[in-house]
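Only one structure is covered here, and it is reproduced in the block below.
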Protein chains: 2
Amino acid sequence: MTHPLDSFFGAMSDPTRRAVIERLASGPASVSELHAPHKMALPTFMRHLKVLEETGIVRSIKKGRVRTCHIEPEPLIAAQGWLAWQKEIWENRLDSMDAVAASLEQFKD
Amino acid sequence: MTHPLDSFFGAMSDPTRRAVIERLASGPASVSELHAPHKMALPTFMRHLKVLEETGIVRSIKKGRVRTCHIEPEPLIAAQGWLAWQKEIWENRLDSMDAVAASLEQFKD
DNA sequence: AATACACTTAGCAATATGGCTAACTAAATT
DNA sequence: AATTTAGTTAGCCATATTGCTAAGTGTATT
């Protein structure tokens, strides 16, 4: 997984990790707070967090014994950009197909 | 992987599969055409295609011995929607933090 | 000083993923 | 009818992923 999009999409393919992002979108939180809604063991959950950090979607600072996590929006924006790009190419093609179809209308009958 | 976004993001986390999508965005293609730029063995490549089909991002029709593949945009749009949603929540929060900061300005000194 | 809290590290097990080759089916082409 | 082409099926192997438990580290709290 060399390309940034590889790891970003990989990270977002897990529901636990998406839930963490959804939670962090509305503000920073500690590891325990993030873990609370999830049934899995803490070490398991921590590995999900680690994936998010390695991908650069989440950053964290430890103060005393509490690690506080927050979102880093750049990777998310990059992924959005890629999807938008695909959509654009694909829409342009469909539009031009419509245009061709329309230009052929004049030859009807 | 139950949620549609799980499989969508999972599918897009592989560079080969993203390349296929990029190719298909500009128009339908046969399995051989799609396979050509990739160094891997055909059966391996076919499994990538299968992942894309199972996720609903790609559909295909077989005519004679040729299978032609095309994009199904819905899953892509759904994913874009999710990302846009996250971004919106996150931006609203930052805006309101700005607002709070601004409203505190009057108490300066 | 002792205990509780908030992570953290190490290591195991099961399943998923991504690559391969070999062999097969069915549709064109010659 | 024989051969080539396009895709398919089956099965093997290595690594990655996702869950667990047990035990350890460092920081508050009592």
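Residue numbers start from 1 in every chain, and the chains themselves are labelled A, B, ... in the order their sequence lines are given, proteins ahead of strands.
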Protein heavy-atom contacts under 4.0 Å, written 5' to 3' over nucleotides 19-30 of chain D as B (base), S (sugar-phosphate only) or - (none), form the string BBBB---BBS--

Just how far, in rounded Å, is C1' of D/dT18 from CG of A/Leu49? 14 Å

Under a 3.5 Å cutoff, is there a donor and acceptor pairing between the side chains of A/Ser26 and B/Arg93? no

Verify whether one side chain among B/Glu54 and B/Ser7 offers a donor that lies under 3.5 Å from an acceptor in the other. no

Stretch residues 26-35 of chain A: residues that reach within less than 4.0 Å of DNA chain D through a heavy atom: none

Taking B/Met40's backbone N and O only, do any of them form a donor-acceptor pair with B/Thr44's side chain (distance below 3.5 Å, no angle check)? no

Residue pair A/Glu22 / B/Trp82, side-chain donor-acceptor N/O under 3.5 Å: yes

Between P on D/dT17 and CZ on A/Phe9, what's the gap in Å once rounded to a whole number? 17 Å

Can you tell me how far NE2 of B/His48 sits from NE2 of B/His35, rounded to the nearest 0.5 angstrom? 10.0 Å

How many angstroms lie between atom NE2 of B/His38 and atom CZ of B/Phe45, to the nearest 0.5 angstrom? 5.0 Å

Aromatic plane relationship, A/Phe8 with B/Phe9 - under 30° parallel, 30 to 60° tilted, over 60° perpendicular: perpendicular

Whole angstrom is fine here: how far is it from CD in B/Glu54 over to C1' in C/dT17? 13 Å

In this structure, are over 12 heavy atoms from other groups packed under 6.0 Å from B/Glu91 atom CD? yes

Rounded to 10°, tell me the angle between the two end axes of the helix from C/dA1-D/dT30 to C/dT30-D/dA1, each built from five pairs. 20°

Check the hydrophobic clustering (I, L, V, M, F, W, Y; side-chain heavy atoms under 4.5 Å; chains of links allowed) and say if B/Ile21 and B/Val51 are grouped together. no

How many whole angstroms separate atom NZ of B/Lys50 from atom P of D/dT8? 11 Å

I need the A/Leu83 CG to B/Arg18 CZ distance, nearest 0.5 Å. 10.0 Å

Round to the nearest Å and state the distance from B/Met46 atom CE to C/dT17 atom P. 18 Å

Just so I know, are the side chains of A/Ile57 and A/Glu72 near enough to count as touching, which here means a heavy-atom distance under 4.5 Å? no

Taking atom P of C/dT25 as reference, at what distance in whole Å does atom CZ of B/Arg67 sit? 18 Å

